[in-house]
Each structure stands twice: as C-alpha cells, then as structure tokens.
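Here the structure is a predicted model, which means the values were calculated and not measured. So you know, we letter chains A, B, ... as the sequences are listed, proteins then strands, and number each from 1.
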Protein chains: 2
Amino acid sequence: MKQNKLFFNVGIKNTKQRNLVYDILHQSSQPITAEEIFLKYQELDEAISLSTIYRILDLFSTKGLIIKTYINENTKACFIINHHDHKHYLICKNCKKVVEIDGCPFTTYEKELEEKTSFTIQGHKLELFGLCGGCKDSLL
Amino acid sequence: MKQNKLFFNVGIKNTKQRNLVYDILHQSSQPITAEEIFLKYQELDEAISLSTIYRILDLFSTKGLIIKTYINENTKACFIINHHDHKHYLICKNCKKVVEIDGCPFTTYEKELEEKTSFTIQGHKLELFGLCGGCKDSLL
DNA sequence: ATGCAAATGCAAACTATTCGCATGTGATTA
DNA sequence: TAATCACATGCGAATAGTTTGCATTTGCAT
Ligand SMILES: [Mn+2]
Ligand SMILES: [Mn+2]
Ligand SMILES: [Zn+2]
Ligand SMILES: [Zn+2]
C-alpha cells in the first residue's frame, strides 16, 4: 500500500479503512456522523465494520486529524476534518443545514472574563441557530 | 395534596413526584442529569422510577419550566430551572465545575451575521471552557 | 519472506433514553 | 364525601449510539 504521509506523521498505520474514512471526511463540507460515514463507505462498494469506524474516528480525534463535536443539541457525535482554523456554525432549525461562519466574535471578551472569574480560558464553543434563507421563505 | 400554583398555571397535575423533582432542580445551582435527580430523590428516602423522571423532565421542558441542555460535550442531557434569563457557562475541564457568566457578549454580532448569511437568527449557545482557579493551582 | 504488534470484524455489552401496558392517583363532579 | 375517569406512574422491555472482548487478519520493520 502506498505510504500515507499524513498517517506516518502522526505515527499510525496505513490501512485501507483509515484511508477511505479519511477521504470521506475530507470530502464532506459538513460535520458527519459515524453512521453517515458507514453508508458512504458502502456506496463505494467497500465493506467495513461500524465499530472499526468508531475506532478510527477515536484515533483520528486523539491525533488531532479530526474534530469530534456534538452539533445541534444532538445525541449523535459528528466529525469533521481539523483544518486548524477556529470556526463556528450557524444551524438551520428547520432543514438542519450547517453554515460555517468565518471569524470569531471574541477577542477581548475572554480576557475580561478571566479577570472576573479567575478561570484560565482554554477554548469555547459557539453555536448559533435560526432559519436559513430558503426555510424562511418556504415557511410563509 | 396542597395545590401547586406553578403547575396549575401551566395546566399540569400536581403529583408527589413532580413536586419533588421540581424541588431538586430548584435547589441545584448547576445543571443536573436525570440520574443525579434520581439519586437525590432516593437520598430523601423516597422511591421513584427513572422513566418517570424522564417523563417529568420532558414535560417540564415543553412547559418551559426547565431548560434541557447538553453541556460539556457530554452524552447525557442536563436540566436546570428556567429563570428566563439568558445565561452562558464557563466549565472547568478538570473538575467539571460549571460557573454562570452574567451578560452576553453578543449584541451587534448577530445582526451583522444575519446580513452576511441571510439567516434569521433565533438563538445561540455559547460555552467557554478552561481551568478554574482551584484546579489551576493544584495542577502545578 | 518472516514475525509480531497492531488493526479489523463480529457479536455481545453498555449507557442513556424511550415506550407499552397494567395499575394507581389527582382533579372534577355529583 | 364518594364516584368517575383521564392521566401519571412503575416496571420491564425496547431502542439508539457507542464501546469492548476476542479470534483473525494485516501492515510494516527486520
Ligand atoms: Mn470563537
Ligand atoms: Mn448569549
Ligand atoms: Zn433551512
Ligand atoms: Zn476546576
């Protein structure tokens, strides 16, 4: 099997399953669930065990290749390629569309808060929700 | 049983279980899970079925008496009394302490975003995480 | 090519939550 | 106060998402 630079760099083995799961995540513009990956995998006429997908997603997460997130008050975990840029999402409550927001509205706020609370702030999660342009119109 | 004004107002029956679950939520300063409620209920030498707790929490949520939230990237749902004020939380990654932040850093930001994205924004969820004062010290 | 640690597949376990159904209870009415 | 009845509860079973144990297979260093 052709060496995978990405996997080699983080010190994990190169397998057919990992390559394909990575490709699927890479081609997805939105966060996707383990089961969605499973289904896309099958569409490519390949077989994989769902537990292998979970193990791969876990590994990718700890190696920092992907981000695990619970979007949309959901019970299912979602995964997305880690582009190493800080992103937030806008989620349509009606059609569940997820739109990336660029930029982050916090710059000074976290500093203020650190002083007020004596916490050291390491990160945050911001999710905005509402109705997208399309749904707004169709719900008239 | 003494009439419960709060329950009467939202048109639901007054039961021992509902009263006690409400009290437990009311006395908790932090969001708590169904199971935590179950355990506190038992500490009061009362018995209840866990499924009844889930049904009560569901009812309280739809009646607007409480808020269901998935805090801390957690797989379990948490519940807290609805004080009808907009709150955010600061969560310690080490000890899991949850601290309320007063105020909300967004005022103009949502408007800007509506223009940029054509979404109608109806709400948002912001969670900040880091280390609390105590944990910062003890992790030296 | 060989050996071995690590990855996979499968089934079973697990956790949080929901549901069906028999029984019990609170609110309304007489 | 007693009768009524819709609705609340308890119990166990079902479900959804995820994890784990173990036998088998595979990638990679030698
Ligand atoms: Mn941000
Ligand atoms: Mn806010
Ligand atoms: Zn939409
Ligand atoms: Zn702490």
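- One can place CD of Glu36(A) at 16 Å from P of dA16(D), the figure rounded to the nearest angstrom.
- A donor-acceptor pair under 3.5 Å is absent between the side-chain atoms of Asn14(A) and the main chain of Phe8(A), judged by distance alone.
- Between its two ends, the helix from dA1(C)-dT30(D) to dA30(C)-dT1(D) turns its axis by 30°, counting five pairs per end and rounding to 10 degrees.
- For dT18(D), the OP1/OP2 oxygens have a side-chain nitrogen or oxygen of Tyr54(A) closer than 4.0 Å.
- If you take CD1 of Ile53(B) and C1' of dT18(C), they are 14 Å apart, rounded to a whole angstrom.
- Looking at the side chain of Ala77(B), the nearest of the listed nucleotides dT17(C), dG9(C), dT9(D) is dT17(C).
- Side-chain atoms of Thr52(A) lie closest to dG9(C) of the nucleotides dG9(C), dT19(D), dA16(C).
- At the phosphate of dG10(D), OP1 or OP2 sits under 4.0 Å from a side-chain N or O atom of Gln17(B).
- With the nearest nucleotide of DNA chain C identified for both Ile56(A) and Lys76(B), Ile56(A) has the one nearer the 5' end.
- Remark: Ile37(A) pairs with Val21(A), Ile24(A), Leu25(A), Ile32(A), Ile53(A), Leu57(A) by the side chain to side chain contact (heavy atoms under 4.5 Å, CB included) rule, at least two apart or across chains.
- A donor-acceptor pair is defined here as one N or O able to donate and one able to accept, closer than 3.5 Å; such a pair exists between the side chain of Lys125(B) and the backbone of Tyr70(B).
- For Glu35(A), the side-chain atoms get nearest to dG17(D) when compared with the rest of dT9(D), dC10(C), dG17(D).
- A donor-acceptor pair under 3.5 Å is formed between the side chain of Asn82(B) and the backbone N or O of Gly64(B).
- Checking dT9(D), dA16(C), dA11(C) against the side-chain heavy atoms of Ser51(A) singles out dA11(C) as nearest.
- A parallel orientation is assigned to the rings of His124(A) and His88(A), their planes being inclined by less than 30° (bins at 30° and 60°).
- The backbone N or O of Ile121(B) sits less than 3.5 Å from a side-chain atom of Glu114(B), completing a donor-acceptor pair.
- dG10(D) atom P lies 11 Å from atom CG of Leu20(B), rounded to whole Å.
- Comparing Gln3(B) and Leu50(B) by the nucleotide of DNA chain C that holds the closest heavy atom to each, the one mapping nearer the 5' end is Leu50(B).
- For Arg18(B) against dG26(C), a side-chain-to-base donor-acceptor contact under 3.5 Å is absent.
- Residue-environment remark: CD (Glu46(B)) exceeds the threshold of 12 foreign heavy atoms within 6.0 Å.
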Using a 4.0 Å heavy-atom cut-off to protein, can you give one letter per nucleotide of nucleotides 23-30 of chain D, 5' to 3': B if the base is in contact, S if only the sugar-phosphate is, - if neither?
----BS--
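- Atom CD of Gln42(A) has more than 12 heavy atoms from other residues, nucleotides or ligands within 6.0 Å.
- The shortest side-chain heavy-atom distance between Thr33(B) and Phe38(B) does not fall under the 4.5 Å cut-off.
- As rounded to whole Å, 16 Å separates atom C1' of dA16(C) from atom CD1 of Ile32(B).
- Spacing between atom CZ of Phe38(A) and atom P of dT18(D) amounts to 14 Å, rounded to whole angstrom units.
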